[in-house]
Number of protein chains: 2
Amino acid sequence: MCANGTSAVTLRMLADQLGLHVSTVSRALHGTSDESGRAASPATVERIRRLATELDYRPNPHAASLRTRRSNLIGVLVPRLSDIVLAMIYEGIEEAAAEHDLSTFVANTRDLPEIQRIRTDMVLARRVDGMIFGDAYVDARFLGEVAARGVPFVLVNRRAGDLPSVTCNDHLGGRLLGEHLLELGHRDVAVVAGEPYASTGIDRTEGFVSAYAEAGIEIPPRRIVRSPFDATGGRAAAEQLLADGRPPSAIFAVNDFAAIGVLGALRDHGLHAGTDIAVAGFNDTPLAAELPVPLTTVRSPMHEMGRRGIELLVRLLRGEQVESEQLRPELVVRVSTTGALLGGGSSGSKQGVARTHLHPPA
Amino acid sequence: MCANGTSAVTLRMLADQLGLHVSTVSRALHGTSDESGRAASPATVERIRRLATELDYRPNPHAASLRTRRSNLIGVLVPRLSDIVLAMIYEGIEEAAAEHDLSTFVANTRDLPEIQRIRTDMVLARRVDGMIFGDAYVDARFLGEVAARGVPFVLVNRRAGDLPSVTCNDHLGGRLLGEHLLELGHRDVAVVAGEPYASTGIDRTEGFVSAYAEAGIEIPPRRIVRSPFDATGGRAAAEQLLADGRPPSAIFAVNDFAAIGVLGALRDHGLHAGTDIAVAGFNDTPLAAELPVPLTTVRSPMHEMGRRGIELLVRLLRGEQVESEQLRPELVVRVSTTGALLGGGSSGSKQGVARTHLHPPA
DNA sequence: GTTAGCGACCCAAACGTTCGGGTAACGTTC
DNA sequence: GAACGTTACCCGAACGTTTGGGTCGCTAAC
């Protein structure tokens, strides 16, 4: 009974009750004013509308989809929704989708190619009109196949090949952070670089490295370690960096969660983030500002990324050509990189805290 | 064209190609062995199966739903997916749903009653078979209406009235934490209690308070402050508690994120969590263990809660009677409450770290 | 006074399944 | 050899929309 109890009121019921034909009712209710104007007199349209709301008529989407071959459904794949970055992107997707009368389906793929395949098939079996992938592998092998099958889709968060995507300008973000650390005088720095298949980590790292390169400093390979995009991964990567005899004076983790792991590892080693070693993250997740040591990071417009993703997809569904978009990142400086400037010694109690948008000293 | 490009192969195509009737093909493919056995000879069934896979036949769910009046769709409402607790519960929901060949729809309500209404209507308009609410208000007013409309649903994470729900045993969780802090000798404690409409905060607080009451200690009202379930909320609540002349010796936040906010506030005041003031959270989110000061907390089986939610709903959809379930919480002791025991002075560098399942000193 | 045009509708065929009924042929059984 | 069961299918009516075409009566124009 489809969960709506008694209310199985159909177009036909309305039509019968009004002595009209079902098609007339359909047009009156759904066609935009021009269509419904052609279908019935204004008075009749009004009668129809009134009865529809009175009886609480709800169109049956299955019937409509069957007829029109459009489901108004969008499938969304993400590595995991419990990654707040993806969750926030998805919130943007959902919000924008609702504005376009689209519903979204989301599934977790855990970044595993086999699961990506399975989930994609499941989602397509539901006859979605289009898809959004938040878990693109940079090589675009699988996504190329999907594209070849004629499925309209866009990528968010990560880019791949020349498939249409909405990403943060990760290269620029990495560069901003590189410049920030350079200004603070850090020469020997390290990167916790994320997974090698994700464009986010790749581009952020590249941007960061190139900022240093332009300052004439080459970051040696042993200072760049890959890691999962979570706290555990960040911690492990930091351990690896600290195992080295001379630790770097600053660590850039390409993701806030990894940065939190770095913070934890530092503390295990009796080091103070911000004073002993500068730490920066990426994304400006809500937690970054609230951490015991507020985290310098790059704000990426996650919500907006989701919204733009839907926008692009909608245009794709209309048959328009679309261009990939890159959204502007914004550097957010906090104590985790400026602690040393603020007079907090390594014993570090009661030290000043700059929590939002502090700009680097000139 | 529903995103599947060329592949619009239908039952009729299979039937025509095999010289069979479409109903025969339908039964062969979908009825369980007894049904399909009745419908066609084993050899024919085999022929049908083979052709179906060869042509990559995918049943059209809209047509099936239209006919059967079952959509195999479940609507899920959560306050916000960017709350990792709900995201993890949803992961459990999605996983279990997939095992039952159900698809799920999720929507954010931001814990706002008007949006709960709107989203519920949207979800119902999609003709879901049932719903899962993760955003129940304890008063169950709105949910009572939904129940009255005959929609099958279950609650997860929060309970309300006597509606079927799957929750953590929050009362017990609060109690475990109370007993833990009592054992550590804390007499003057405070609670960051969450939102007054959420059973989670209510029950956890109550369990905690009752543990103290049984030890003959009454926690005064000014030591119990409500707050949003996020870091910002926790920070504000902690500020309020610290503004009091004599701060408590321990703070229990009913949610890990609020606890992180508390941690931040403490640091702003030059206080060390775990040594100066003990801090505990609830949920054991993945971050809790990785924080610079690893957080004592109560593990709530979030993933399992989601899974059980689907399990209950499935039984409800079969018309069975169901009972609410409470899952076991588990105390996880970390440095944020035991720091003082571990010899870390208030200057606090290079101190020992107990990260997982440390049990309180006997 | 025919016809063209238009307003306000109606008609009917889809869309792809499912499922309660056939039915014809082929044994068995008494 | 009549009655009865099976086996292996077929038939057709739904399910609730959408949409390309009518049609009928009326006014306006030539």
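A, B, ... follow the sequence lines: proteins, then strands. Residue 1 opens every chain.
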| To the nearest Å, how far apart are A:L66 CG and C:dT17 P? | 9 Å
| The side chain of B:T10 lies closest to which of these nucleotides: D:dT17, C:dT17, C:dC15? | C:dT17
| Aromatic ring centroids of A:F133 and A:F153 under 6.0 Å? | yes
| field | Interatomic distance where CZ belongs to A:R12 and C1' belongs to C:dA12 [whole Å] | value | 11 Å
| said: Please report the distance, rounded to the nearest Å, between CZ in A:R58 and P in D:dG16. | reply: 16 Å
| field | Presence of salt bridge, A:R149 and A:D121, under 4.0 angstrom | value | yes
| Has A:R69 got a side-chain N or O lying under 4.0 Å from the OP1 or OP2 atom of C:dG16? | yes
| field | Between A:R127 and A:S71: side-chain donor-acceptor atoms closer than 3.5 Å | value | no
| message | Rounded to whole Å, please give me the gap between CG in B:N60 and P in C:dA14. | response | 17 Å
| said: Which nucleotide, if any, forms a Watson-Crick or G-U wobble pair with D:dA8, using both distances under 3.5 Å? | reply: C:dT23
| said: So if I define the base as every atom that isn't primed, P, OP1 or OP2, how would nucleotides 7-13 of chain D read as a B/S/- string at a heavy-atom cutoff under 4.0 Å? | reply: -BBBBBB
| query | If you measure from CG on A:D129 to OG1 on A:T68, what distance do you get to the nearest 0.5 Å? | reply | 8.0 Å
| Which part of the nucleic acid, if any, lies within reach of B:P59 when heavy atoms closer than 4.0 Å are counted: base, sugar-phosphate only, or nothing? | sugar-phosphate
| field | Flag for A:R119-A:T109: side-chain donor and acceptor within less than 3.5 Å | value | no
| query | Between A:L11 (CG) and C:dC11 (P), how many Å, whole number? | reply | 16 Å
| field | Presence of salt bridge, B:R110 and A:E91, under 4.0 angstrom | value | no
